[in-house]
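What you see below is based on every heavy atom in this structure, not just the backbone, and it leaves out hydrogens, waters and symmetry mates.
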Amino acid sequence: MSSRELTEWIAFNAVQPFGDTRADLRSAIIASTVANCHRTSGTPFKVADFMPYEDKPKGAPLDAVKQLRAMFGGKRNG
């Protein structure tokens with residue numbers, strides 16, 4: 001794998017995470033659903049309540065797309 005390809009994968013993962021982070025999110029969705037099904041009263045659980053850690057987004061998703069386009073010289077189609 002070239003340095004350029006590695007850099008592209010790192011940038012892609014920043015926009016569309018894969019691997020353990022994504023698995024944690026899927027597990028948290030299931031856990032919050034089960035917990036809310038068995039909740040008798042009070043505030044519903046959030047998915048974030050079941051995440052081992054949660055990074056706050058630094059901007060809107062479209063900002064990340066714009067950054068990727070700027071990094072790789074992409075142009076918008078259509």
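Put simply, the side chain of Asn36 gets close to the backbone of Ser32: a donor and an acceptor are under 3.5 Å apart. In this structure, Asn13 contributes its side chain and Ile10 its backbone to no donor-acceptor pair below 3.5 Å.
Atoms CD1 and CE, on Ile29 and Met51 in that order, are 8.5 Å from each other to the nearest 0.5 Å.
Residues Val34 and Phe50 do not share a hydrophobic cluster, defined by chaining ILVMFWY side chains whose heavy atoms lie under 4.5 Å apart.
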